[in-house]
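The sequence lines fix the lettering, A, B, ..., with proteins before strands; numbering per chain opens at 1.
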2 protein chains.
Amino acid sequence: MRDVYLDYAAATPVDPEVTAAMLAYLTERFWNPSAPYAHAREVRDDVERARGTVARLIGARPDCLVFTAGATEANNLAFAAVEGHVVVDAIEHESVLACAATHARRTVRVGPDGLVDPAAVARAIRPDTELVSVELANGEIGCVQPVRELSRVVAAERARRLEAGETTPIYLHTDASQAAGVLSVNVATLGVDLLTLSAAKIYGPKQVGVLWASEEVRLRPLVYGGGQEGGVRSGTENVAGIVGFARALELACERRAEESRRLAGLRERLREALLARVPDMVVSGPKNPKRRLPGLLHVAFPGVEARRLVIALERRGVSVGTGSACAASRMRVSHVLEAIGMPRALAEGSLRLTMGRGTTEEDVDYAANAIAEAVCAEVSRRTVHASSIVAPDRKN
Amino acid sequence: MRDVYLDYAAATPVDPEVTAAMLAYLTERFWNPSAPYAHAREVRDDVERARGTVARLIGARPDCLVFTAGATEANNLAFAAVEGHVVVDAIEHESVLACAATHARRTVRVGPDGLVDPAAVARAIRPDTELVSVELANGEIGCVQPVRELSRVVAAERARRLEAGETTPIYLHTDASQAAGVLSVNVATLGVDLLTLSAAKIYGPKQVGVLWASEEVRLRPLVYGGGQEGGVRSGTENVAGIVGFARALELACERRAEESRRLAGLRERLREALLARVPDMVVSGPKNPKRRLPGLLHVAFPGVEARRLVIALERRGVSVGTGSACAASRMRVSHVLEAIGMPRALAEGSLRLTMGRGTTEEDVDYAANAIAEAVCAEVSRRTVHASSIVAPDRKN
């Protein structure tokens, strides 16, 4: 039996080159970067070199980066920088929505394809809005948001405030965790003021993230202590994790263009194979390929329970997600599918299929077959079950 | 030239068994513990098994543990659980002092040996005190605080409040990060309500910590998101780090008794060798061996600058700290030495020498010799320099 993993949006394997780069810091290079002797200064230099690498790859200044324990903490740090009103869209990651909930806020609706309308964000901005936060790419239905256009909206509001003599700052934050493996995350091109990245989504280690904030933004710590990371994020540095993150981002940038093309091809192959076998399958996300993550296919099967599919598929060696891993573990219906207006019954029949570096055409063909079989088996089971309920007396 | 590391209190090398336990999760076992399929459930089980191991080793319930990105975050989480007045002592870790500074507080003085007097804590507790936080062992001068006695003080106050019909809760927190390698950290024996541990101080990975809180304590999250760790600490779990932490604590517990004895012997050997060569050396910390960390020797050399010693010693292959690594990097005089009343000039001539699993008698003898030589060279340099200032004309 094949073992096919189709949940790269939940977790990516660590690239062997990343593991190799980290290993020295989990063995002989264990020194505390804040200690005063030569060995410690060496690892301090290694951390700063990694910071420089990440900064260069996103077009930023190294001293504007804060390494965190993942994207969730980075998003929280971004929101902690402001006190006033915030604007988010309805399909943000749970960490962003939860942070927004601690502020006065406006949640902007998204279209049925999940896309945020810049005009809607413009209307949502109030004179006291301090932060707009829109994910670069959504990890569940794969839409790539028009962040560049949003930056123009924010710039226009900034210009209006300047003109009007208003001094309230306004910043644009984007969580680019799901995007960094396949899209450019250059902060100048995106036109953002704050950007979140996660190593765990780009073949790096778990619990390592970064928040970049432009020099305009004054970050406020969430935890207090020894004053590491410019006083914003105390605690002895995760040297192995930071070095691994930098290597992971380097590899992601090197392979981005080719990998995006390859993944887009695999996604189409999977979509076509599934549609051929299950014609009533519903595909979510934007139609425009430029507006979606190349390796993500979100599908829903009418009349089928995704939870049962997951189990049927794992027996065939295929690992698939039903949405974001966080929500999945609590078996809640996804807020993303609710926001794009998917009926609850259909949402409960949804799979998020995400491909990555390890995925081959053979994997896709095997998975398509397994998924189609599982869906058909599930449909006929329900049909039999339904007819047995409708006409129980016929059985005798 | 020998390479002798004497700063185990700043960072411990990762035990090869710990690295081995972690490696699977940095390679093939990369799945997101929150995902719904079999592979993911396996790593979820691995995380829960690790949680169970840590819980058993500290005599606690697994569901009362929260894994964090290190001791600093764990300490912050402990303080975030209360809103009222707090009591700390003057030589706590910077993360505890910084958290205390966000509350109404009383900072209790310590004796010249660094020990906290339980009677002083009793006097500092007010009717609105909600948290007392005293480190189990101090990482700079090595004093082991009377936490068990402090738990009786807190219990007495709790009884008084119950009697008086007062409903304000009061908890005892201890940061046991520096102690766990050599002292028991059983929460029941210590009588604490909250306990912090760090993997990085017990031959585990950096940026992995745990906060244990009794079921009485209601923790409040510092970061919001997917709701991992019982909703208290969101973000995809650091599977490798958590598994590594559990293995590190297991090894620490297995080796604790023997290692403590061995380290106490090495410390005495180092102290005696140094005193024989530098008779005016000042040793800090408690005289009673039961009240000090076995592998830590804090010494000060009158008329010598520790910063110069660090550099002279690194040329001889000996890595030593001047205090806590956080403070050292900013070249501040340690708040711990200030609190025990050490004159500033003497504090600036202080070294913290900490031994660990890798330290041998040969290392100690080599280091003692190197330190004594460096101190003597420094003293004569200053004497020559001083005499050349006092009587410049004699030179001609």
Exercise for review: Show the numbers, then the answer: is there a side-chain contact (heavy atoms from CB on, under 4.5 Å) between A:L26 and B:L23?
Suggested key: CA-CA 10 Å; A:L26 292 171; B:L23 209 51; 5.8 Å; no
Review point. Between A:D7 and B:Y37, is any side-chain donor less than 3.5 angstrom from a side-chain acceptor?
Key: yes
Review point. Out of A:G235, A:G241, A:G209, which one racks up the most heavy-atom pairs below 4.5 Å with chain B?
Key: A:G235
**Study point:** Flag side-chain contact, heavy atom, 4.5 Å: B:H39 against A:D3
**Key:** yes
Exercise for review: With the side chain counted from C-beta on, respond yes when A:W31 and B:Y5 share a heavy-atom pair under 4.5 Å apart, and no when they do not.
Suggested key: yes
**Study point:** Check: A:G225 main-chain N/O paired with B:T72 side-chain donor or acceptor under 3.5 Å
**Key:** no
Check your understanding: Between the side chain of A:E73 and the main-chain N/O of B:V223, is any donor-acceptor distance below 3.5 Å?
Key -> no
Practice item. Counting only heavy atoms closer than 4.5 Å, note whether A:E28 contacts chain B via side chain, backbone, both or neither. Key: neither
Check your understanding: Would a distance-only check, ignoring hydrogens and angles, find a side-chain to backbone donor-acceptor pair under 3.5 Å from B:N76 to A:Y224?
Key -> yes
Practice item. Go through the steps to decide whether B:R41 and A:E314 satisfy the test side-chain contact (heavy atoms from CB on, under 4.5 Å), and finish with yes or no. Key: CA-CA 11 Å; B:R41 292 197 305 269; A:E314 98 189 14; 2.7 Å; yes
**Study point:** Donor-acceptor under 3.5 Å (B:K206 side chain, A:F30 main chain)
**Key:** yes
**Study point:** Segment of A:T12 engaging chain B (4.5 angstrom heavy-atom cut-off)
**Key:** backbone
